[in-house]
Amino acid sequence: MKQKIVTLGKLCLGLTILALAMASCESDFTNRPPEDAISLDAYYASNEQVASATNVLYSRTWFLFQTKFLYAVSEVGSGNMYSGSSDVSAMVNFSLNGSDPELKNGWDALWGNIAQANAIINFLEARTGPAVDPEVLQNTIGEAYFLRATAYFYLVRLWGPVPIIENNLDYINQPQLSTNRIEDIYTLIERDYLAAIDRLYEKNRGSNYSANGHVSKGSAKSMLAKVYLYEKKYTEARQMAEQVINSGEFKLLGGSQLPGKSYYDLFTYPNNNNEESIFALQWQWDGTYGSGNICNTQFGISSANLTTSNCSYGGVFGPSQDVLDLYTDSDLRKHATLMIPGDTYPDVKVLVNGGQTEQTGFTVPPADQIGGQMAGAAIKKYCIGIANGDQTGPTQIGGNGAMSNNTYIMRYADLLLIHAEAVLAGGASTSDAAALASFNAVRNRAGLASVSSITFDDIFVERRKELCFEGDFWFDLGRLPRAQAIAFMAAQNRGNMFTEQYFTPDESDFYLDYPDAEVAKNPLLLEDPVPYEFN
């Protein structure tokens, strides 16, 4: 059994000053107050103040999770991405361990989200004035339940047993905590999403994208459908997914309801918070660290003759050799996901001539001139080019080139594929009309023909194509029988364009090590997980 250690101080990551969970949250959340000094003196007198209390939980608290860690584990680990950069390449050969700084960053960020959400759940109502509408208060608390559930959903899939903390203050004199059983963590996640469903507003995602940033009742139902699928509660997953589908809240960009847009449009700045977005991290570069999305720098082309980055480096991640063969040429997702030599992008502004000249539109150079990770191609998804006014939004020039395009945690296409799989319900195949309608909607939007029956393998491959580079495929592999997942990854070419590499994971590689710093502080947590007593 792995060492499973966590200290209360780290779990409290900013233990929570409600003021820190307010509005702009201008400092990085890791610049936290003393952990033995808890301030809950903020007072919320208006609807606007209450509604803004969760704003930080859509961006800054996720920064160190999203910026490198998510891709270094989920995309590199799953074989979708390749990197030779030492800070993010350990999962190429499954050597990530507890001493890794990015692993620690991801761990801390998730617990920071939980601590902030706990403060809102437990204390916001008592700090709210009489002029605040009850539905505004309850919606904000519902958002906190949603965000706590989402953080725990990542924790349990990445680390397995972890401590359940519903109120950080309950443990202020008990800094050593046991982990709880995986089944109990899933119970908490279900309860939290149900609490969110009870409290959140209903929405209909329309063309007023500025109103779509915060989650809704439909967002919580969608995430709960995904949780049920992971638990193989197929009936519940189907019922929850169908409630979302039948509500009409979400739509596929480029689908039959929105034919004027496309899959490509999903990943452009002007389409932040579009009709397909179920939950997305809300980046807006404001001149401070942790406010922007740096995927444009991490994923793009960086060479002497062409760069898509706003800073002096780029291409920390590249596509794996395995994923270069994933799409057929007729699949519209290929051009929006991968930059293949010879592809053209007339809408993207880049730097050419050694960084001396700005140019709108470019052709991807030959494989040996792309730079980055010697992949022979580059990642297009989330790569939107250098600063270009309203086309890219506020942008950091220099530094890490942070930009303002959202990061999807869940899209409607994901929900449709969950629905199809829930209808299949572990069977060999299905020709059920409802399952086919959901599955074919995703395929048709990609320019592919409908099919008349589907298997689990069909859905599995379609999920990989649809959600490639969005941080999901590692978790799909984790749902497979272990022997099947190990064989799948062992067969992947996990090298670059010059050197084939093959590595076989062990059973233990499917859950990550806990950070060494946490292990050293809490030897009591070497014991097996314990049941959690719910109220």
Side-chain angles (χ1 to χ4, degrees), residues 203-213 216 218-219 222 241 244-280 295 299 323 326-340 343-348 361 379-385 390-393 405-421 434-451 454 458-459 461-473:
K203 289 186 178 181
N204 188 353
R205 307 274 163 163
S207 58
N208 180 15
Y209 289 176
S210 63
N212 293 342
S216 65
S219 303
S222 298
V244 177
I245 292 167
N246 294 336
S247 76
E249 177 178 352
F250 305 103
K251 304 167 186 67
L252 293 178
L253 261 66
S256 60
Q257 293 175 295
L258 295 170
K261 293 194 174 179
S262 68
Y263 184 87
Y264 186 96
D265 292 326
L266 283 166
F267 304 96
T268 59
Y269 169 76
N271 287 293
N272 278 354
N273 300 317
N274 59 73
E275 296 92 337
E276 188 168 336
S277 181
I278 289 174
F279 172 41
C295 285
F299 295 173
V323 89
L326 182 61
Y327 301 92
T328 63
D329 289 340
S330 60
D331 193 324
L332 300 177
R333 294 171 296 198
K334 182 177 183 179
H335 186 69
T337 304
L338 296 163
M339 290 193 280
I340 304 294
D343 284 355
T344 59
Y345 295 90
D347 59 318
V348 179
I379 297 168
K380 175 61 180 76
K381 191 174 284 189
Y382 292 129
C383 179
I384 59 176
D390 292 341
Q391 291 302 302
T392 57
N405 50 324
N406 285 355
T407 302
Y408 293 108
I409 299 299
M410 190 174 190
R411 295 191 280 110
Y412 187 49
D414 187 359
L415 188 278
L416 291 173
L417 294 174
I418 287 167
H419 175 242
E421 187 177 339
L436 291 175
S438 292
F439 185 80
N440 285 327
V442 175
R443 282 182 57 84
N444 294 163
R445 193 261 298 271
L448 303 178
S450 295
V451 296
I454 49 175
D458 293 329
I459 298 169
V461 172
E462 203 65 39
R463 288 186 59 82
R464 188 184 189 189
K465 293 176 181 178
E466 179 68 26
L467 302 173
C468 191
F469 307 145
E470 294 181 52
D472 207 73
F473 191 48

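It should be emphasised that the depicted structure is a prediction, and the values quoted were computed from it without experimental measurement. Residue numbers run from 1 in the order of the sequence given.
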> Can I278 and R411 be said to form a side chain to side chain contact (heavy atoms under 4.5 Å, CB included), step by step?
CA-CA 5 Å; I278 289 174; R411 295 191 280 110; 5.7 Å; no

> Decide yes or no for N273 and N406: does some side-chain heavy atom of the first lie under 4.5 Å from some side-chain heavy atom of the second?
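The answer is yes; the side chains approach within 4.5 Å.
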
> So which heavy atom on C468 is nearest to which on T337, and how close?
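So the minimum-distance heavy-atom pair works out to CB-CG2, 4.1 Å.
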
> Where the side chain of Y382 meets the backbone of F267, is there a donor-acceptor pair that is under 3.5 Å apart?
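Side chain of Y382 to backbone of F267: no pair is present.
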
> Could you state the interatomic distance from SG (C295) to CD (E470), rounded to the nearest 0.5 Å?
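Interatomic distance, C295 SG to E470 CD, rounded to 0.5 Å: 10.5 Å.
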
> Between L448 and S330, which heavy-atom pair has the shortest distance, and what is it?
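It is CD2-OG, 3.8 Å.
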
> Can you name the closest pair of heavy atoms from V244 and G218 and give their distance?
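Closest approach of V244 to G218, heavy atoms only: CG2-O, 3.8 Å.
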
> Just by distance, with hydrogens left out, do R205 and S216 show a side-chain donor and acceptor under 3.5 Å apart?
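Short answer, yes.
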
> Distance check, rounded to the nearest 0.5 Å: S438 atom OG versus I418 atom CD1?
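Here the interatomic distance stands at 10.5 Å.
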
> Run the salt-bridge test on E276 and K251 with the 4.0 Å N-O cut-off and return the result as yes or no.
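Looking at K251 together with E276, the answer is no, because their closest N to O distance does not fall below 4.0 Å.
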
> Salt bridge check: are R445 and E466 linked by an N-O gap of less than 4.0 Å?
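Answer for the salt bridge query: yes.
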
> Would you mind checking if R333 and E462 are paired as a salt bridge, meaning a charged N to carboxylate O distance below 4.0 Å?
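Yes, E462 and R333 are salt-bridged.
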
> Looking just at side-chain N and O atoms, do K203 and N212 make a donor-acceptor pair shorter than 3.5 Å?
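Distance-only check fails for K203 and N212.
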
> Tell me, do N405 and T392 make a side-chain contact under 4.5 Å, heavy atoms counted?
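Of all side-chain heavy-atom pairs linking T392 with N405, none is under 4.5 Å.
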
> Below 6.0 angstrom between ring centroids: does that apply to F469 and F473?
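For F469 and F473, the ring centres are not under 6.0 Å apart.
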
> A441 and L416: which non-hydrogen atoms are nearest, and at how many Å?
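Reported closest heavy-atom pair: CB-CD1, 4.2 Å.
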
> Can a donor-acceptor pair be found, under 3.5 Å and without considering hydrogens, that links the side chain of N271 to the backbone of T268?
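Side chain of N271 to backbone of T268: no pair is present.
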
> Is there a side-chain hydrogen bond (donor to acceptor under 3.5 Å, both in side chains) between S262 and D265? Walk through the geometry before answering.
CA-CA 5 Å; S262 68; D265 292 326; 3.2 Å; yes

> Provide the closest heavy-atom pair for L326 versus K465 in the form atom of the first, atom of the second, distance.
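That would be O-CE, 3.4 Å.
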
> Between F279 and Y408, does the ring centroid distance fall short of 6.0 Å?
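When the ring centroids of F279 and Y408 are compared, they turn out to be at least 6.0 Å apart.
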
> Give, for atom CD of Q257 and atom CG of L252, the distance between the pair rounded to the nearest 0.5 Å.
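That separation rounds to 8.0 Å.
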
> Would you mind reporting whether D472 and R464 have side-chain heavy atoms less than 4.5 Å apart?
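Contact flag for R464/D472 side chains = no.
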
> Side chains of L415 and M410: does their closest heavy-atom pair fall under 4.5 Å?
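Contact flag for L415/M410 side chains = yes.
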
> Do K380 side-chain atoms and C383 backbone N/O form a donor-acceptor pair below 3.5 Å?
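Indeed, once roles are kept as given, a pair shorter than 3.5 Å links the two residues.
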
> Would you indicate whether the side-chain heavy atoms of Y209 and S277 approach each other to under 4.5 Å?
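Sidechains of Y209 and S277: no contact.
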
> Going through the checks in order, is the side-chain hydrogen bond (donor to acceptor under 3.5 Å, both in side chains) test met by S450 and N444?
CA-CA 7 Å; S450 295; N444 294 163; 3.3 Å; yes

> At what distance, to the nearest 0.5 angstrom, does OH of Y412 lie from CG of L253?
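Here the rounded value is 13.0 Å.
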
> Return the CZ to CG distance between R443 and L332, rounded to the nearest 0.5 Å.
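Nearest 0.5 Å value for the CZ-CG distance: 11.5 Å.
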
> With a sphere of 6.0 Å drawn around CG of N246, does it hold more than 12 non-hydrogen atoms of other residues, nucleotides or ligands?
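Atom CG in N246 is crowded, with more than 12 foreign heavy atoms closer than 6.0 Å.
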
> Is the H335-Y263 ring centre distance short of 6.0 angstrom?
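When the ring centroids of H335 and Y263 are compared, they turn out to be at least 6.0 Å apart.
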
> I need the minimum non-hydrogen distance between L436 and V451, along with the two atoms involved.
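Closest heavy-atom pair between L436 and V451: CD2-O, 3.8 Å.
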
> Does D331 form a side-chain hydrogen bond (donor to acceptor under 3.5 Å, both in side chains) with T328? I'd like the steps, not just the answer.
CA-CA 5 Å; D331 193 324; T328 63; 5.0 Å; no

> I'd like to know whether V442 forms a side chain to side chain contact (heavy atoms under 4.5 Å, CB included) with F439, so could you lay out the CA-CA distance, the side-chain angles of the two residues, the decisive distance to 0.1 Å, and finally the verdict.
CA-CA 6 Å; V442 175; F439 185 80; over 6 Å; no

> Between D414 and R463, does any NZ, NE, NH1 or NH2 come within less than 4.0 Å of an OD or OE carboxylate oxygen?
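Yes.
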
> Using only heavy-atom distances, determine whether the side chains of Y264 and D347 contain a donor-acceptor pair under 3.5 Å.
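The criterion, which ignores hydrogens and geometry beyond distance, is satisfied for D347 and Y264.
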
